[in-house]
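Only this structure's heavy atoms are used, side chains among them; waters, hydrogens and symmetry mates stay out.
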Amino acid sequence: MYTEGRVPICGVDTFIGAKMMSAVVRHGVLSPYYQATKHTVKSLVFPGAAELFPAAAPAGTRLAHTDIKIPDFSDYRRPEVLDPHKSSQESSENRRVFSYLVTGATTVVGVYAAKTVVTQFVSSMSASADVLALSKIEIKLGDIPEGKNMTFKWRGKPLFVRHRTEKEIAAEASVNIGELRDPQHDKDRVLNPKWVIVLGVCTHLGCVPIANAGDFGGYYCPCHGSHYDASGRIRKGPAPLNLEVPYYEYPDEDTVVVG
């Protein structure tokens, strides 16, 4: 039978209809019945269909629980967690204790190693015994007359040792420290009022001042005009600080050890 604009082909129409029904039914409520019907028809049409498509499983269906092999990681698990009759809480407690023990031991070892490294590093930077021996200088005070200043070399720097007169001691003790740029009392800079021991390095740019000179009778730096008094305190000029007083001590009345 022919109609306008269409060529009726019975086989083609039947095939298309079957495909459309298959697409509609496959995902619907009738899907189980459709699969059973399909299996029955194939069994009747093809003699060997029963062997190719077992009744337990529809055609084209893969059984995931039999086709996929689940890997076994038992070799990588702890023995205590393999026993199904053993409490998981007990195993968890044991593992937690072990983790704490390992963490604590690692921390102790790390701290000890860090302490050792820091100690060795600091020791390597400290002065050796021969350098420490040269870091001190012993001066005989009897060789310095009153009112005079002598210069010594200490740690590569000039060291001023001044034997002050009673007039200089009184003058420096009466200075108003409120008027000083770097306020410091004379008694805080000396252990014995008769002796002033300071580094001969100007605090402005590191020049070496001249002793017994300047407007205040102490030290004068000709490079930029800094004036220090007989206690080594800055009184005039660009220097910001007093002359540095090193550490020293008197083993006896006639000897001073600097350093």
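Counting all heavy atoms, side chain and backbone alike, Val198 lies closest to Pro246 at CA-CD, 4.0 Å. Heavy atoms only, all atoms of each residue included: Pro238 and Ser226 are closest at CD-OG, 3.2 Å. When all heavy atoms of Cys202 and Tyr228 are compared, the closest pair comes out as SG-OH, 3.2 Å.
Using a 4.5 Å heavy-atom threshold, the side chains of Arg164 and Ser231 count as touching. Arg235 is listed as a side-chain neighbour of Leu180, based on a closest heavy-atom distance under 4.5 Å. Looking at heavy atoms from C-beta onward, Val118 lies out of side-chain contact with Lys115 at the 4.5 angstrom threshold. Within the 4.5 Å cutoff, no side-chain heavy atoms of Phe216 are placed close to those of Ile234. By the 4.5 Å heavy-atom criterion applied to side chains, Asp182 and Pro240 are not counted as neighbours. Counting heavy atoms from C-beta outward, Val161 and Trp195 have side chains that approach closer than 4.5 Å.
Between the side chains of Arg233 and Gln184, no donor N or O sits under 3.5 Å from an acceptor N or O.
Relative ring orientation between Tyr220 and His227 is described as tilted, the plane-to-plane angle lying within the 30° to 60° band.
In the hydrophobic clustering of this structure, Val190 does not group with Ile169; members are Ile, Leu, Val, Met, Phe, Trp, Tyr whose side-chain heavy atoms approach within less than 4.5 Å, directly or through other members.
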Name each donor-acceptor pair under 3.5 Å that joins a side chain in residues 138-153 to protein atoms two or more places apart or in another chain, with its distance.
residue : atom : partner : partner atom : Å
Lys140  : NZ   : Thr255  : OG1          : 3.4
Asn149  : OD1  : Tyr219  : OH           : 3.0

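Only one option out of Leu191, Val257, Leu159 pairs with Tyr248 in a side-chain contact (heavy atoms from CB on, under 4.5 Å); it is Leu191.
No more than 12 heavy atoms of other residues, nucleotides or ligands lie within 6.0 Å of CD in Glu253, so this atom counts as exposed by the packing criterion.
Under a 4.0 Å N-O distance rule, the pair Glu168/Arg162 qualifies as a salt bridge.
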